Asks: 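One structure, pasted below without further comment.
Values in this document were obtained by computation on a predicted structure and should not be read as measured data.
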Amino acid sequence: MKLAVIGTGYVGLVSGVCFSDLGNDVTCVDKVNEKITMLRQGEVPIYEPGLKELIKKNTDAGRLQFTTDLSSAVKEAEIIILAVGTPSLPNGEANLTYIMEAAKEIALAVDGKKIIMTKSTVPVGTNEKIENLVRKHTAHPVAIASVPEFLREGSAIRDTLGPDRIVIGTENEAAQKKLIELHQPLTENILLTDVRSAEMIKYASNAFLATKISFINEIANICEKVGADVTRVAEGMGYDKRIGSSFLRAGIGYGGSCFPKDTQALIQIAGHVDYDFKLLKSVVEVNHDQRFNVIRKLETILGDLSGKTIAIWGLAFKPETDDVRDAPAFEIISSLLQRGALVKAYDPIATENFKKNLLHLDVTYCQTAEEAALHADALCVLTEWKEFQETSLTDIQSWLKTPNLIDGRNIYSEEQLAKTEFVYYSVGRPNMNNGVREQTPLLSF
Ligand SMILES: NC(=O)c1ccc[n+]([C@@H]2O[C@H](COP(=O)([O-])OP(=O)(O)OC[C@H]3O[C@@H](n4cnc5c(N)ncnc54)[C@H](O)[C@@H]3O)[C@@H](O)[C@H]2O)c1
Ligand SMILES: O=c1ccn([C@@H]2O[C@H](COP(=O)(O)OP(=O)(O)O[C@H]3O[C@H](CO)[C@@H](O)[C@H](O)[C@H]3O)[C@@H](O)[C@H]2O)c(=O)[nH]1
């Protein structure tokens, strides 16, 4: 099939490349010239394991092109995939400017029968708005479908080529048939539904996953007070098939380009129809507060943080990505600086992206993990990069001025700590001091 993909962010680029890998003829479009120039030269604007190689394979095979010329790409395609951004407005609502602009450009370019398949995450009712807008600008038969994307950054290719399910929301039977044909090589688990339900499935899925994370983070906070271990609690819960073991890793809260924005957007969607989504509001509040536990723990160990040197390992919102959108590291570092601490930070690949967003703040960015930790009063691990897990605790202890370690992602085990002198605070697990578990007093009730 001939496809045009509008937008070469994570979703557009990865879906375009994967669809071409399945034998389709794909043209990826972006309005940013530099991105297209990079892609044509074989460079990838995002860090995603395996993507560069897959782009090369498919461009070499002549199935994958990159252009800024939306009009020509649309004219040649049977299916147009809308994958532009839908960032948050200041009030939390999704900003639909890019979607609507792209839809209008597509409508002005169509010269025959087309399907517009929206992969961007859009509020319920948006695809109908897209349809109305398209109808205003063209008389050609254009079918609209909502086919939300569920890929995760860092494992985007695997998620796209082996999805748990594909959701196709359209009222147009011919378009439905064509989209089933397009997606069938990926999975047999294809849910056919109406447009509004498809749009809602995406928000409900992200909101539910965010809820699981905030839930386990609150359980972790209670575990710290009662002397239980949240990793064992999550393991015990996860064996129950009704609960499942995924998304029960306690930490410093979720970040990234999706959960923070989509939870806020769903609260707004509900608000527009006079529904107060109390549960999701609490999920967001719990998530925001969770990151500051790192500061509270540092203050418990060091007291006043003014003049103290704090090493930060990890700036990306999760490992295997250089994406720093809504990364908890921003607020943690800002808060440390406000308290007068000196911050030395290291991330294997996200430093440049982070710097661009925190230009005005006085952070020392380091080239290695060791350089960041050297002579610091404490080390905070904010992203669970493999590199950090593989660094010996003995080495870390020798680098630090004082062996204080806040593990925001629970990457070190009690066995590893047993042979060290760390004062070690993690999330929802007993503190360690000089290789020994700190005892929680008998509970009074
Ligand atoms: N990032 C993810 O992991 C992920 C996963 C699932 C769903 N989503 C959703 O998918 C959508 C895209 O997300 P993203 O992270 O890939 O976005 P992004 O903002 O990183 O990239 C969007 C791209 O679209 C381009 N663009 C905007 N308007 C255009 C136009 N008129 N013509 C051509 N190009 C245009 C921009 O230049 C940009 O390169 C969002 O709605 C997001 O919520 C994202
Ligand atoms: O048990 C867990 C799992 C995740 N996280 C955090 O949650 C955030 C999001 O992680 P993840 O879901 O792996 O990454 P994303 O790439 O943001 O993917 C989410 O957002 C995408 C955009 O909508 C969806 O397509 C995906 O299905 C959905 O998982 C990160 O900060 C993680 O550190 C936790 O704290 N604990």
Asks: Considering all heavy atoms of both residues, which atom of A311 and which atom of A372 are nearest to each other, and what is their separation?
Replies: CB-O, 3.2 Å

Asks: Does a donor on one side chain sit under 3.5 Å from an acceptor on the other, for Y98 and S120?
Replies: no

Asks: For a quick test of reading the model, state the closest non-hydrogen atom pair linking V294 to C380 and the distance between them.
Replies: CG1-SG, 3.9 Å

Asks: Take H375 and T309 through the test side chain to side chain contact (heavy atoms under 4.5 Å, CB included) and record every step on the way to the result.
Replies: CA-CA 8 Å; H375 308 313; T309 301; over 6 Å; no

Asks: T67 and I36: which non-hydrogen atoms are nearest, and at how many Å?
Replies: O-CD1, 3.5 Å

Asks: Check whether any side-chain N or O of W313 sits under 3.5 Å from a backbone N or O of A369 as a donor-acceptor pair, and report yes or no.
Replies: yes

Asks: Any sub-3.5 Å donor-acceptor pair from T138's side-chain atoms to V134's backbone N or O?
Replies: no

Asks: Near D164 CG, under 6.0 Å, is it more than 12 heavy atoms from other residues, nucleotides or ligands?
Replies: no

Asks: Can you tell if the side chain of V233 reaches within under 4.5 Å of the side chain of C223, non-hydrogen atoms only?
Replies: yes

Asks: State, yes or no, whether a side-chain contact exists between K202 and F150 at a heavy-atom distance under 4.5 Å.
Replies: yes

Asks: Ignoring hydrogens and geometry, is there a side-chain-to-backbone donor-acceptor pair from E48 to S155 under 3.5 Å?
Replies: yes

Asks: Determine whether the side chains of E235 and Y239 contain a donor N or O and an acceptor N or O closer than 3.5 Å.
Replies: yes

Asks: Counting neighbours of CD on E285 that are heavy atoms of other residues, nucleotides or ligands and sit closer than 6.0 Å, is the number greater than 12?
Replies: no

Asks: For the pair E352 and K355, find out whether any cationic side-chain nitrogen is under 4.0 Å from an anionic carboxylate oxygen.
Replies: yes

Asks: Return yes if some donor-acceptor pair links the side-chain N/O of T170 with the main-chain N/O of I144 below 3.5 Å, else return no.
Replies: yes

Asks: Between K297 (side chain) and S426 (backbone), is there a donor-acceptor pair under 3.5 Å?
Replies: yes

Asks: Looking just at side-chain N and O atoms, do K356 and N353 make a donor-acceptor pair shorter than 3.5 Å?
Replies: yes

Asks: Decide yes or no for P328 and L382: does some side-chain heavy atom of the first lie under 4.5 Å from some side-chain heavy atom of the second?
Replies: no

Asks: Is it true that the side chains of S71 and K75 contain a donor and an acceptor less than 3.5 Å apart?
Replies: yes

Asks: Under the salt bridge (Lys or Arg N to Asp or Glu O under 4.0 Å) rule, what do D194 and R196 come out as? Steps first, then yes or no, please.
Replies: CA-CA 6 Å; D194 57 284; R196 292 188 193 189; over 6 Å; no

Asks: Rounded to the nearest 0.5 Å, what separation is found between the CD1 atom of I80 and the OG1 atom of T118?
Replies: 10.5 Å

Asks: At what distance, to the nearest 0.5 angstrom, does CD of Q290 lie from CG of N217?
Replies: 4.0 Å

Asks: Measure the CD1-CD1 distance between I252 and I213 for me, rounded to the nearest 0.5 Å.
Replies: 11.5 Å

Asks: Should the pair R242-D240 be classified as a salt bridge under the 4.0 Å nitrogen-to-oxygen rule?
Replies: yes

Asks: Where is the tightest heavy-atom contact between G92 and S88, given as atom of each residue plus distance?
Replies: O-OG, 4.3 Å

Asks: Strictly distance-based, threshold 3.5 Å: is any side-chain N or O of K281 a donor or acceptor partner for the main-chain N or O of I267?
Replies: no

Asks: Is S72 close to T27 at the side-chain level, that is, under 4.5 Å between some pair of heavy atoms?
Replies: no

Asks: Can you find a side-chain donor-acceptor pair between N95 and T97 that sits under 3.5 Å?
Replies: yes

Asks: Considering only NZ, NE, NH1 and NH2 on the basic side and carboxylate oxygens on the acidic side, decide whether E384 and R249 come within less than 4.0 Å.
Replies: yes

Asks: Roughly how far, to the nearest 0.5 Å, is CD1 of I216 from CD of E218?
Replies: 10.5 Å

Asks: Measure from the side-chain N and O atoms of E78 to the backbone N and O of M1, and report whether any donor-acceptor pair falls under 3.5 Å.
Replies: no

Asks: Would you call R135 and E131 a salt bridge, using N to O less than 4.0 angstrom?
Replies: yes

Asks: Closer than 4.0 angstrom, basic N to acidic O: yes or no for E414 and R429?
Replies: no

Asks: Are the side chain of K114 and the backbone of A77 linked by a donor-acceptor contact shorter than 3.5 Å?
Replies: yes

Asks: Can S257 and Y10 be said to form a side chain to side chain donor-acceptor pair (under 3.5 Å), step by step?
Replies: CA-CA 10 Å; S257 69; Y10 251 97; over 6 Å; no

Asks: Is there a side-chain contact between L266 and M200 in this structure, where contact means two heavy atoms from C-beta onward sitting under 4.5 Å apart?
Replies: yes

Asks: Are side-chain N/O atoms of N58 and R63 paired as donor and acceptor at under 3.5 Å?
Replies: yes

Asks: Examine distances only and state if a side-chain atom of E199 and a backbone atom of N127 form a donor-acceptor pair shorter than 3.5 Å.
Replies: yes

Asks: Tell me, with the steps shown, if L182 and M117 meet side chain to side chain contact (heavy atoms under 4.5 Å, CB included).
Replies: CA-CA 11 Å; L182 176 68; M117 157 181 146; 4.2 Å; yes

Asks: Relative to each other, are the rings of Y412 and Y424 parallel, tilted or perpendicular (30° and 60° limits)?
Replies: perpendicular

Asks: Above 12 or not: heavy atoms from other molecules or residues under 6.0 Å from NE2 of H140?
Replies: yes

Asks: When you measure from the side chain of K261 to the backbone N and O of A94, does any donor-acceptor pair fall under 3.5 Å?
Replies: no

Asks: Give me the atom names and distance for the closest heavy-atom approach of K119 to S15.
Replies: CD-OG, 3.6 Å

Asks: Indicate yes or no: at least one non-hydrogen side-chain atom of K31 is less than 4.5 angstrom from one of T68.
Replies: no

Asks: If we only count heavy atoms from C-beta on, is the R409 to D407 side-chain gap below 4.5 Å?
Replies: yes

Asks: Quick one: are F354 and V363 in side-chain contact, heavy atoms under 4.5 Å?
Replies: no

Asks: For L64 versus C28, what's the shortest heavy-atom pair and its separation?
Replies: CD1-SG, 4.1 Å

Asks: How about CZ on F215, more than 12 heavy atoms from neighbouring residues, nucleotides or ligands closer than 6.0 Å, or not?
Replies: no

Asks: Atom CD1 of I168 and atom CD1 of I180: how far apart are they, to the nearest 0.5 Å?
Replies: 5.5 Å

Asks: Show, in sequence, the C-alpha distance, side-chain angles and deciding distance for E320 and Y47, and conclude whether the side chain to side chain contact (heavy atoms under 4.5 Å, CB included) test is met.
Replies: CA-CA 8 Å; E320 298 302 328; Y47 174 83; 3.7 Å; yes

Asks: Dump the intermediate steps for ring pair (Phe, Tyr, Trp, His ring centres under 6.0 Å) on F317 and Y254, then the final yes or no.
Replies: CA-CA 8 Å; F317 79 99; Y254 60 76; over 10 Å; no

Asks: Might you work through the side chain to side chain contact (heavy atoms under 4.5 Å, CB included) test for R165 and L191, ending with a clear yes or no?
Replies: CA-CA 7 Å; R165 79 308 209 177; L191 177 81; 5.6 Å; no

Asks: Step through the shown structure and confirm whether more than 12 heavy atoms of other residues, nucleotides or ligands are within 6.0 Å of NZ on K212.
Replies: yes

Asks: Distance only, no hydrogens: is a donor on one side chain within 3.5 Å (strictly under) of an acceptor on the other, for N293 and R296?
Replies: yes

Asks: Looking at L186, I79, V5, which one forms a side-chain contact (heavy atoms from CB on, under 4.5 Å) with F19?
Replies: L186

Asks: Would you compute the distance between atom CD of Q176 and atom OG1 of T193 and round it to the nearest 0.5 angstrom?
Replies: 9.5 Å

